[in-house]
Amino acid sequence: MEQISGDGSQQEQTPQQAEPVVQPAGIAPPRRFGNARRYMGEYASSGDRAALKKSLGSYSRKGMGGASNVASRMKTSTSAGAGLFNFLHGVRDSSDAGVRDWVNQLTSKNLSAYEVADQIIDQVISTGGSLEEESCRDSMAQAMSELLTINPDINLVNMDNDSIWTVLELFMANEAFNRINLDIGQLFESAKYSPREAVSRMNGMRDYLKSEISAQMQELRKNTSNPTKAEMNWLLQTAIKITFEVFEEEI
């Protein structure tokens, strides 16, 4: 049962002398999130969906240097998502002897659905990994919890295709939200907004991300009947890229 692991963080090279730093191609300039933060502030104050769209578009184009860079930054997320998709299919179909043994041991313990979810996540993502991997674990746990809220009677080791896609869509929305919130979401902590206001706006942004990412995933799903793990990783990367290209059209 394969787990994802960090592939090494990119290291920045420090100039040996005080010389002007030339920005490599595709790297956004300093203060790159200025417009995205300004539009996000408008959204936080008013709840205006148009301002949110402009913020996300500016975040992608000017902040990250384009939708392809957003997708590239989320490669740990898409790899984890592909791993989850592959694993959930494997435990349902019992296609591997090791997976069958794991499922038999799990079902013999009479665990709650939430405990089963934790066990699944442990199999997909190693513990004690990078910050990005820890974010993936949190996002996956939240996605599983949301799925159980939607369908409390679901059997997590025997999920139908639609349920597997649903949990994957929830996971990817959580990860996109986490990345954006890390870069430009600090303003929601401002005393200008009540806790209720801040939570409402953040939930609104996350719901919007989910609807847009889900739409792209469902469209790509039509041409991918039984994707391999590598094909699913490509699909998730493509869904993120197209989603943020759509956002860029708003600016």
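These numbers were taken from a predicted model, which means no experiment stands behind them.
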> Looking only at heavy atoms, what is the nearest atom pair of Ala80 and Val124, with distance?
Replying inline: O-CG1, 3.8 Å

> Arg179 and Ser77: side-chain donor and acceptor closer than 3.5 Å?
Replying inline: yes

>> Using modelled atom types and a 3.5 Å cut-off, is there a donor and acceptor pairing between side-chain atoms of Arg61 and backbone atoms of Gly66?
In response: no

> Between Arg221 and Asn161, what is the shortest heavy-atom contact and its length?
Replying inline: NH2-CB, 3.8 Å

> Nearest heavy-atom pair of Leu170 and Leu147: which atoms, and what distance?
Replying inline: CD1-N, 4.2 Å

>> Testing the 3.5 Å rule here: is there a donor-acceptor pair between the side chains of Asn203 and Ser200?
In response: no

> Do any N or O atoms from the side chain of Thr224 and from the backbone of Leu220 form a donor-acceptor pair under 3.5 angstrom?
Replying inline: yes

> Out of curiosity, Ser58 OG to Glu250 CD, how far, rounded to the nearest 0.5 Å?
Replying inline: 12.5 Å

> Would you say Glu212's side chain and Thr243's backbone share a donor-acceptor pair under 3.5 angstrom?
Replying inline: no

> Measuring from Asp48:CG to Tyr43:OH, what's the distance to the nearest 0.5 Å?
Replying inline: 9.5 Å

> Are Arg206 and Glu146 within salt-bridge range, i.e. N to O under 4.0 Å?
Replying inline: yes

> Checking Arg92 side chain against Asn158 main chain: does a donor-acceptor pair fall under 3.5 Å?
Replying inline: no

> Counting distance only, does the side-chain N/O of Thr78 pair as donor-acceptor with the main-chain N or O of Lys75 below 3.5 Å?
Replying inline: yes

> Do Tyr208 and Phe247 have their ring centres less than 6.0 Å from each other?
Replying inline: yes

